[in-house]
Amino acid sequence: MTDATVYYHPDLSVDQQLALRTAAARLALEFDGTYGAETIERFLHTSYDQFASLSSVPNFLPLLAERFARQRLHALARVEGHHRDGKPVVLFLCTHNAGRSQIALGFFTHLTGDRAVAWSGGSEPGTEVNPAAVAAMAERGIDITDEYPKPWTDEVVRAADVVVTMGCGDACPVFPSTRYENWVLDDPAGWDLDGVRPLRDEIERRVRRLIDQLGIPATA
């Protein structure tokens with residue numbers, strides 16, 4: 001049995017502690033037969049720690065931790081061969097995971113639906129997705145308001161078939177047998193909507209080209 005005190009956060013409110021226990025229970029049901037309680041607890045609480053120093057809204061931390069832990073566990077299952085659905089996995093990486101990579105993720109997910117898997121991450125994650133990027137995507141009918149800046153982890157990178165980097169430089173992780181593309185695109189941090197639109201359109205063009213290269217049927 002997992003020693004829960006290993007992952008105990010004394011600074012958490014009673015409600016936050018309950019939220020983490022509830023999240024662990026949900027993840028345990030979802031990954032039953034694949035990963036045990038100890039692995040799930042470790043991923044959940046290390047995911048919580050990833051966001052604790054960045055988030056200005058502590059009440060949302062357990063939810064963010066659960067979402068990120070779920071992504072990481074799905075990635076680990078792919079790396080370890082527990083999950084084989086044949087879907088290509090693409091990871092979009094930039095510095096803050098707040099603009100370029102979120103726009104790319106939004107287009108890729110919108111255009112491929114459930115025919116592929118896409119994730120994103122940042123070398124220095126910000127605290128929120130760029131509002132101008134959110135507005136620019138909304139103009140295309142794509143809602144990225146539920147996305148959030150997050151770091152990358154080894155299992156997420158290793159699970160990807162294609163890693164697209166956008167300005168994270170030497171900080172970008174490199175693993176053998178993974179296909180890499182580097183998209184040279186300006187960081188839209190601080191830009192207004194008019195400035196983001198041309199960047200959005202260029203990212204869409206590159207995403208569509210990538211989808212075509214991967215042989216994934218794209219929606220119009």
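Looking at T109, its side chain never comes within 3.5 Å of a backbone N or O of G106 through a donor-acceptor pair. Although no hydrogens or angles enter the test, the distance criterion places a donor-acceptor pair under 3.5 Å between the side chain of N97 and the main chain of K150. Side-chain N or O atoms of Y35 include one that pairs as donor or acceptor with a backbone N or O of A77 at under 3.5 Å.
With rounding to the nearest 0.5 angstrom, the CG atom of L61 is 11.5 Å from the OG atom of S47. Once rounded to the nearest 0.5 Å, the distance linking NE2 of H83 with CZ of F31 reads 9.5 Å. Rounding to the nearest 0.5 Å gives a distance of 8.0 Å between OG1 of T39 and CG of L73. Distance OH/Y180 to CG/L93: 8.0 Å, rounded to 0.5 Å. Rounding to the nearest 0.5 Å gives a distance of 10.0 Å between OG1 of T165 and CH2 of W183.
Here salt bridge (Lys or Arg N to Asp or Glu O under 4.0 Å) pairs that include residues 91-103, with residues two or more places apart or in two chains, are R100-D187. Legend: salt bridge (Lys or Arg N to Asp or Glu O under 4.0 Å) pairs involving residues 63-79, not counting sequence neighbours, sorted by first then second residue: R26-E66, E30-R70, E66-R70, R72-E155, R78-D85.
A 4.5 Å side-chain heavy-atom check between I203 and Q102 finds every atom pair outside the cut-off. Put simply, the side chain of S123 reaches to within 4.5 Å of the side chain of T95, judged on heavy atoms. Looking at heavy atoms from C-beta onward, L199 lies out of side-chain contact with D186 at the 4.5 angstrom threshold. Side chains of N130 and P188 form a contact here, defined as non-hydrogen atoms less than 4.5 Å apart. With contacts defined as side-chain heavy-atom distances shorter than 4.5 Å, the pair K87/R115 does not qualify. The side-chain heavy atoms of V90 and L210, taken from C-beta on, include a pair separated by under 4.5 Å. A heavy-atom distance below 4.5 Å is found between the side chains of I144 and V129. With a 4.5 Å cut-off on side-chain heavy atoms, H110 and R140 do not count as touching.
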Pair D143-T145, side-chain hydrogen bond (donor to acceptor under 3.5 Å, both in side chains): steps then yes or no: CA-CA 6 Å; D143 184 2; T145 55; 2.6 Å; yes
Side chain to side chain contact (heavy atoms under 4.5 Å, CB included) evaluation trace for Q50 with T153: CA-CA 10 Å; Q50 294 272 14; T153 59; 4.2 Å; yes
Full working for side chain to side chain contact (heavy atoms under 4.5 Å, CB included) between F107 and I142: CA-CA 8 Å; F107 275 124; I142 300 174; 3.6 Å; yes
Starting from the C-alpha separation in whole Å, work towards a yes-or-no answer on ring-ring contact (aromatic ring centres under 6.0 Å, His included) for Y148 and F51. CA-CA 10 Å; Y148 57 100; F51 294 108; 5.6 Å; yes
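When all heavy atoms of A133 and A98 are compared, the closest pair comes out as CB-O, 4.3 Å. Across every non-hydrogen atom of A118 and F92, the tightest pair is CB-CE1, 4.3 Å. Shown here for A160 and L91, the closest heavy-atom pair between the two residues is CB-CB, 3.9 Å. Here the closest heavy-atom approach between residue A104 and residue M166 is recorded as CB-CE, 3.6 Å. Residue A28 comes nearest to I40 through the heavy atom pair CA-CD1, 3.4 Å, listed as atom of the first residue, atom of the second, then distance. Here the closest non-hydrogen pair linking A19 and P62 is CB-CB, 3.6 Å.
The pair E202-R206 meets the salt-bridge criterion, since a charged nitrogen lies less than 4.0 angstrom from a carboxylate oxygen. A salt bridge between R42 and E38 is absent, with no side-chain N of the basic residue lying under 4.0 Å from a carboxylate O of the acidic one. Between E139 and R197 there is a salt bridge, since at least one side-chain N of the basic residue sits less than 4.0 Å from a carboxylate O of the acidic one.
Applying the side-chain hydrogen bond (donor to acceptor under 3.5 Å, both in side chains) criterion to E124, with sequence neighbours excluded, gives no partner residue. Applying the side chain to side chain contact (heavy atoms under 4.5 Å, CB included) test to A24 and every residue at least two apart in sequence or in another chain returns E41, L44. With sequence neighbours excluded, the residues forming a side chain to side chain contact (heavy atoms under 4.5 Å, CB included) with D192 are D194, listed by chain and number.
No chain of hydrophobic side-chain contacts below 4.5 Å, direct or via other Ile, Leu, Val, Met, Phe, Trp or Tyr residues, connects W152 to V79. Hydrophobic clustering (ILVMFWY, side-chain heavy atoms < 4.5 Å, transitive): L193 and M137 are in distinct clusters.
The side chain to side chain contact (heavy atoms under 4.5 Å, CB included) test with V207 singles out one residue from T112, V164, I103, L111, and that residue is L111. Under the side chain to side chain contact (heavy atoms under 4.5 Å, CB included) test applied with V89, the options V156, V163, V117, V162 reduce to a single match, V117.
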Identify each donor-acceptor pair in which a side-chain atom of residues 211-218 lies under 3.5 Å from a protein atom, sequence neighbours left out, and give them as a table.
{"residue": "Q213", "atom": "OE1", "partner": "R179", "partner atom": "NH2", "Å": "2.7"}

